[in-house]
Structures are given as C-alpha cells and as structure tokens.
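Please read these numbers as outputs of a predicted model, since none were measured by experiment. Chain letters run A, B, ... following the sequence lines, proteins first, then strands; residues in each count from 1.
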Amino acid sequence: MSDAITVTLPDGKQLELAAGATVLDVAAEIGPGLAKAALAGKIDGQIVDLRAPILADAAVAIVTTKDETGGGGIRHSAEHVMADAVKRLFPNAQVDAGRTDHSEKFQYDFLVDEPFTPEDLEKIEKEMNKILSEGADFTREVLSRAEARALFSSMGEELKLSRLGDIPEDAEITVFRHGEFADLCRGPHVQSTKQIGAVKLLESSGTYFRGDESGPKLQRIYGTAFESKKALKSHLARLEEAKKRDHRRVGADLGLFHLDPLAPGSPFYLPKGMTLYNELIRFVQDLYPKYGYNEVMTPQLFRSDLFKTSGHYDKFHDDMYWFEGSDEGEELGVKAMNCPGHCHLFTTGLRSYRDLPIRWAEFSRLHRNERSGTLNGITRVRTFAQDDAHIYCEPEQVPEEIDSFFQMTAEIYDKLDVDGVEMAVSTRPDQFLGDPADWDVAEKALIDAVERAGFHCHIKEKDAAFYAPKVEADFKDVLGRAWTLATIQIDMAMPGRFGLKYVGRDGGLHQPAMLHRAILGSLERFIGIYIEHTGGDFPFWLSPVQVVILPIADRHAPRAHELKAALGAKGVRAEVDDRSETLGFRIREGQTQKIPLTLVIGDEEVERGTVSPRLRKSKQANDAMSVEALVEALALANAERRKAPLD
RNA sequence: GCCGACGUAGCUCAGCUGGUAGAGCAGCUCACUCGUAAUGAGCAGGUCGUCCGUUCGAGUCGGAUCGUCGGCUCCA
C-alpha cells in the first residue's frame, strides 16, 4: 500500500491524502460546512460509510441531504435508534436485523414475547425522539470475528450471533455504536443522531427469522425518517396522494369493478371496467396480424394427464383447482396457464419448418388457487387473463423473435403512455438445466435484444427459472413498488416433455425452440397498475365513457340524445346526463369521473347545430365546432387510438 | 398458508367505562330549468361481517369463523 492516495472529486478536483484517510477527512479538507452536513460517502459510485477508510486512488463524493441517496443513511441510522429504543423499553427483546429498501421505509425485526401493539409503537417512537435529542455520535469499529462473537454473546443476542455466522469468512466485520447501543452493521451511518431530523413509525407486522416459516416468529416494525420534520411531512403527504390513486378506490369510484367476499380474489367487472378490459384486448388483437400471431382457444378443463406431461401436476399442484370428472377416476384440472394446451395442440399435427414460427395467442381466463394472504385488489387475484402467446420456431429464429417481441412491446407501451419501464434480464441460477455455454449465448442474445429495442436494461443475477433465461419489464408504481408487466422466456424443458418435433429442411425431425411471452401480463394486474399510473385518467381511446353530454334545460334534452346517437353510431362512447341538477354540479361530476370530453348543449348549440367541447385536461370550453366535425374527429381519435380527443 | 391490524347504511366515518344506532356524501321524491367543478327541501336506507358464549341486557366483553388491509412467502 502506498503512503499517499489521490481522490478525485465530482468537479474533477484532486486531493492528496494519506492512505487510510476516510471520506469524512475528504469532506473536512473541502470545508467544515460540508464535513458537518456529510451523511455518507461514495467511493467509485458505491455508497460507503463516512468513517470507512479509502484504500486506493478513487473517485470520491460526499453525500448530503441534497443527494437522493442521502435519505438512505438517515433511515439506516434510524433503524439503529429504533432498535435501541425497543431494547430500552423491552429489555428481553432480541434484535435481529434492520433493512432500508429503496423506498422511504426502514424496518427492524425483533424476537419478543408479545406482538407490538399500536400503543407500543407510539411509546417506541417517543423513546426514539428522546434518543435523538440526546444527540449521540455514531462510531464505527472493525472487530475480529472472535471479538464480535464475544460482544454479542455478552449482550445475549442469539439472533445476532447467528447472523454473524452468515458473514463470509473473508469479509470485514464492522460494528456501529451510538450511546449504549451497538449493532453488527455494514453502514453507512450518519455522524450523529442529530442528523436524523424526524422519525415516524408506520406499522408493525409478523415475519420469520430468515423468512423461514418453520423458524422463530419475529415482529417487524416499519418506520420512516428524514433530515427534517418538513421533509417527513411532505413525504407523508405524498403517501396520502398515492392512496387517492389506489386502484381499489378508483375502481369503485369510477364504477369499474367490484370485489366481493363471495368470490375472494375474483373481480366482478362492471360495464365500464369491461369496456376497459375489452378495449385493451382489442388493441393487442389489432396488432396480432402485424406481428404474425394467430389466436387460438383451448379448453378450460383438462384431464390431469396434460399437467403430468407438462410437469405442472407436481410442481404447481397446490396452486391449481382439481376435481373429479363424471367418469370413474377421471381427474380434471382447471387450467392455470395456457402453455400445456398449446404444446399439446402442437403435437396434434405434423409440423414442417415451413409452418414455423407458429405464434399462438390466447386470452382465456386462468384460475390459480393463490394463498389467501397474497390476494390484493385486482393486482393479485385467483382468476385472470393474460395477453399470452407461445412461439414455436427453429432455434436460429429465436433472436429475431425476441426483437419482434420488443418492437411490439415498445409499440404497445407507447400508445398506453407507459414510461419508466426497466427491462431486467435474469441470468442462470446456481442450479440450471443445460450447457453453460448455451446459457451465455441466450443471456447475451436477450441483453442485446433489450438494448436494440431502446430499453434501459439491468441484470438480475441468478434470478431465472432453472429451465429458461428470461426478460421482464419492471414497472414502478406511485409507491415505488416494482411490478412485472411484459416477460419473455426461452423454454428449455417443455418442448422435450411434450416431444415436440417438426420436419426440417433435411427431412429429419427436430425439436423446436419455444418462447413464452406476454406484454401486458395479467390483464387484471395491468388494469390495476394502470389505474394507479393514470389515476383513472385514461387515454381517450380507452376511456369507458368518452363523452358526457349535458343539456342545460329540459328543452335541450332531445338534441343531447340525438348527439349521443350520432356519436354512438360512429363507435364513440357517449352518455347524456339530463338529471335535474345544476349545470355546475353535472360538469363537476363529469370531471371527477375523468370523462375526457364534456359537451354542454343549450339554446346556442341547438340553433346553430354546434357543440362547444370542454376538454377535461384544459378545464375550459373550446371554440364551437359543428356536430359533424366533432363526430368525425372523435371517430378518428378512436381509430388511431389517440390520447386526446381533439388536437 | 403465517404474523399483525381492522370489519357500523352503497361510500367515508362517529358511537365514552355494556342499557337494542348517528352524520356527511351517494340514492329516491318534489321544487328550481340553470352557460362550464357541489341549488334547496323532504323521504328512505343498518338483524352493527357471521356463528357461539358471558350477562337481566352486547355494536360495545370473550372465543371461533369469513373477509379486507399491511407485511412474510409466492407470483402474472
């Protein structure tokens, strides 16, 4: 190790420091104000603790509250303060470990005799504030394994000792302290509890040690923390806003669907929700000829033999619905996925290389016996439909099929205004089927295809199924939760299980490659996420009610109904609101129901044969236009699936 | 499925330490017939999720069960 190191700051300036200097030293070198404000550091882009030594030449940055990642250090430190508070109030509690995810929450798990009550959370939060006002500094220590073991066993922290055992032999063991409290932790932590400006505990729930259901039950507390009370307040306000977009609430307010205890996890679609559902399907269907897909429909019920062949009978048994058929010993399964049916269908005829690629799409409803605790609104349900398709092709056709899939995906997301999608390529897990070299080729092919399609790509190491590398489109909702929309997987198992064969150019029999793919994914889930993405403010072409017509007085009602009929004749979804409410009331309702276009019909419109469209977005009446021009414009907007009714 | 919280009118919620239910919005009726985000009055609406128990008496206490929500796990 050399005696001096050079660090490069974000503005390009370089500093010479003694080896082993810390990020905090760098901050102090730049200025005392920065040193005081520093929360964490970055070495070559990696978040590190301020007190971690810089071992070699590196690019160093100081993280403060101005940095988006600054909050992570604050919340991570708040975790320790929470654990400290719990230990003070419940001396018998054993601490497990805390975690700060990329959202604005932190959590910590405890082994306690009794679950925490909401009153306990209040007490803990109070104690935390007391600790914060005490203003202790966080210190970082590097310990040997034996020292760490001695420390935690003297504290009686059995879970910690167990966690200590999980740390790889060659890894450095660090302990952070503030006041009396010490915790095994990598950091980073802020300098002082004073830098944690405001904390709030959100909720508690049960969990298991290491997520193992057979292991000890722990109690988890969630909280959030910010540099100031003001920042906390605005975060809580943002959560409130997000709640207003909750698809369950919007779905009820806009009359889209109904959820009922008589059919848990199974939505009832109301007419408006059904319009949304059908329009989405029709949109995808309209693209099928362009991308060479054909729709098929396969049975809802199959004899169990099919699922024995596919392997789902064993692997997926508890997730499916099974019952006895009318014949003795006949066991039937309700289909939970389309692939076995499609594979079977493939075998019912002799396939030639000239037939390939075969792209079979199906929108059938699927049923899965999801565990009750996993159900959530319409995003996690027991019955759903996917814009599902399976592609059978010659192995060398796979790359172009993937390209075509991404093109179609980009086209669909563009029309739907779905942005911020991140493609994730999952690489092979530790246990996998096939030749590693083949996997490398397949993984590379997927990454290249993602980039060619213009999506941002990131890698999920070892996250693929054992039989197939996959690409997923991850979409973040308003609460920062990631959802999978599109997915494409290369199946290395099913063609073999079903003995799929086609006649090649050489006259011999060959096994086709098989791809699973969906773009919207589950329609139920998509609709749920899409409601939250748009707040119910759908693009014009997708709006369940596109136009609301408001006659000012009863004498204008006949014209309003004529107009509705004229629009309906051209496929425009219009409604008349001729209730004896004030005009202001009905306009307001049209707005809150997110109807894109409002038409007020009074004497002027009746006399001149015009309308004065009020766009929801612009919130004011536009210039008058003729009825004919309006009908034509809206029909065109539908045909072209436009976001706005009028340009 | 597991852990926790919750379950009162279509919706949002009130109902103190047990004495058989209340508001706002929505709905219906009537009046008003209106020019771009809430007109007024009246009426109706609940076996307090369900079942069992404690009690002279339970929306209120206890148990079970169903469901919902937040997590775990799983996943489209």
Side-chain angles (χ1 to χ4, degrees), chain A residues 105 107 109 114-118 120-121 202-222 243 246 248-249 252-253 255 258-265 316 318-319 336-338 366 368-388 465 472-473 479 483-487 489 516-526 528-529 548 550-557 578-593 598-605 612-616 618-622:
Chain A
K105 274 204 243 178
Q107 63 189 48
D109 296 349
E114 292 292 322
F116 295 113
T117 63
D120 291 338
L121 293 195
L202 301 169
E203 66 223 352
S204 65
S205 74
T207 184
Y208 292 93
F209 187 53
R210 295 198 181 103
D212 175 6
E213 291 186 13
S214 61
K217 291 183 183 92
L218 305 179
Q219 293 299 316
R220 173 172 296 174
I221 302 178
Y222 290 88
K243 243 167 133 180
D246 188 306
R248 293 167 297 214
R249 183 190 182 123
D253 287 349
H258 167 76
L259 293 164
D260 197 288
L262 282 177
F316 216 70
D318 291 348
D319 301 308
M337 65 291 295
N338 290 311
L366 304 173
R368 293 187 186 176
N369 189 14
E370 296 290 348
R371 308 201 312 175
S372 58
T374 65
L375 302 178
N376 183 284
I378 63 170
T379 58
R380 270 309 286 274
V381 290
R382 288 192 172 134
T383 172
F384 61 99
Q386 300 178 85
D387 62 325
D388 196 16
E472 287 175 341
L479 290 176
W483 296 94
T484 294
L485 301 179
T487 178
Q489 304 185 18
H516 303 245
R517 44 114 287 162
I519 292 176
L520 302 178
S522 144
L523 283 157
E524 284 49 34
R525 176 175 289 183
F526 183 82
I529 297 166
V548 62
L550 309 179
I552 288 179
D554 290 346
R555 64 178 180 279
H556 308 120
D578 55 4
R579 290 175 300 171
S580 72
E581 297 289 350
T582 58
L583 183 64
F585 178 89
R586 289 176 291 153
I587 285 177
R588 179 174 191 276
E589 192 145 289
Q591 297 294 298
T592 56
Q593 285 289 304
T598 300
L599 303 175
V600 175
I601 303 295
D603 290 334
E604 212 172 289
E605 284 75 18
S612 309
R614 182 192 205 276
L615 292 171
R616 180 174 144 67
S618 65
K619 305 195 171 190
Q620 60 185 29
N622 284 25

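- Taking atom C1' on both nucleotides, B:C11 is separated from B:G46 by 14 Å, rounded to a whole Å.
- A sub-4.0 Å separation between OP1 or OP2 of B:G35 and a side-chain N or O of A:Arg586 is absent.
- Under 3.5 Å, the side chain of A:Arg380 and the base of B:C74 form at least one donor-acceptor pair of N or O atoms.
- In terms of position along RNA chain B, the nucleotide closest to A:Gly602 lies nearer the 5' end than the nucleotide closest to the other residue of the pair A:Phe316 and A:Gly602.
- At a cut-off of 3.5 angstrom, counting only N and O atoms as typed in the model, there is a donor on one side and an acceptor on the other between the side-chain of A:Glu370 and the base of B:A76.
- When both pairing distances are held under 3.5 Å, B:C51 makes a Watson-Crick or G-U pair with B:G63.
- Residues A:Ser612 and A:Gly521 both approach RNA chain B. Their nearest nucleotides, taken by heavy-atom distance, put A:Ser612 toward the 5′ side.
- Comparing the P positions of B:A44 and B:U8 gives an interatomic distance of 24 Å, to the nearest angstrom.
- When the P atom is compared between B:G63 and B:A5, the two are found 11 Å apart, to the nearest whole Å.
- Taking side-chain N and O atoms only, A:Arg371 has no distance below 4.0 Å to OP1 or OP2 of B:C72.
- Between A:Arg248 and B:C69 there is a side-chain N or O to OP1 or OP2 distance below 4.0 Å.
- Spacing of P atoms, B:G10 relative to B:G27, comes out at 15 Å, to the nearest Å.
- Between A:His516 and A:Gln386, the closest side-chain pair of non-hydrogen atoms is not below 4.5 Å.
- OP1 or OP2 of B:U68 has not a single side-chain nitrogen or oxygen of A:Arg249 nearer than 4.0 Å.
- Side-chain N/O atoms of A:Ser372 include one lying less than 4.0 angstrom from OP1 or OP2 on B:G1.
- As a whole-Å value, the separation of A:Asp388 CG from B:C75 C1' is 15 Å.
- Remark: A:Thr582 is in phosphate contact with B:U39, judged by side-chain N or O atoms under 4.0 Å from OP1 or OP2.
- Going from atom OH of A:Tyr222 over to atom C1' of B:C72 covers 7 Å, rounded to whole Å.
- Residues A:Ser522 and A:Arg380 have side chains not in contact (no heavy-atom distance under 4.5 Å, counting atoms from C-beta outward).
- Taking atom CG of A:Asp554 as the reference point, atom C1' of B:C30 lies 14 Å away to the nearest angstrom.
- Checked for salt-bridge contact, A:Arg371 and A:Asp318 miss the test: no charged N lies under 4.0 Å from a carboxylate O.
- In this structure, CD of A:Glu605 is placed 11 Å from C1' of B:U36, rounded to the nearest angstrom.
- One can place CZ of A:Arg555 at 10 Å from P of B:G35, the figure rounded to the nearest angstrom.
- Between B:U36, B:U39, B:A76, one nucleotide has an atom nearer to the side chain of A:Arg525 than all others, and that is B:A76.
- Counting atom types as modelled, A:Ser580 pairs a side-chain N or O with a base atom of B:C32 as donor and acceptor under 3.5 Å.
- Shown here, B:A23 forms a base pair with B:U12; the pair counts as Watson-Crick or G-U wobble because both key distances fall under 3.5 Å.
- Across all non-hydrogen atoms, the minimal contact from A:Gln591 to A:Arg616 is O-NH1, 2.9 Å.
- Only one option out of A:Asp603, A:Leu550, A:Asp578, A:Val600 pairs with A:His556 in a side-chain contact (heavy atoms from CB on, under 4.5 Å); it is A:Asp603.
- Across the protein-nucleic acid pair, A:Glu589 atom CD and B:U39 atom P stand 11 Å apart, rounded to whole Å.
- Residue A:Val600 places its side chain closer to B:U36 than to any other of B:U36, B:G67, B:A37.
- Here the separation of B:G1 from B:G45, taken at their P atoms, is 38 Å to the nearest Å.
- Here, B:U54 and B:C13 have their C1' atoms 30 Å apart, quoted to the whole Å.
- When the P atom of B:A76 is taken as reference, atom CG of A:Leu375 falls 15 Å away, rounded to whole Å.
- Between A:Phe585 and B:A37, no base-stacking contact is recorded for ring centres under 5.5 Å apart and planes less than 30° from parallel.
- B:A76 and B:U20 have their C1' atoms separated by 49 Å, with the value rounded to a whole Å.
- The same atom, C1', is picked in B:A23 and in B:G19; the two are 22 Å apart, to the nearest Å.
- Across all their heavy atoms, A:Leu262 and A:Asp260 have their closest contact at N-OD1, 2.8 Å.
- Between the CZ atom of A:Arg579 and the C1' atom of B:C32 there is a distance of 16 Å, rounded to whole Å.
- Nearest nucleotide to the side chain of A:Arg614, out of B:A37, B:G71, B:G67: B:A37.
- Figure legend. B:G40 is base-paired to B:C30; pairs are counted as Watson-Crick or G-U wobble with both atom distances under 3.5 Å.
- Across all strands shown, B:G4 pairs with B:C69; the Watson-Crick or G-U wobble distances both stay below 3.5 Å.
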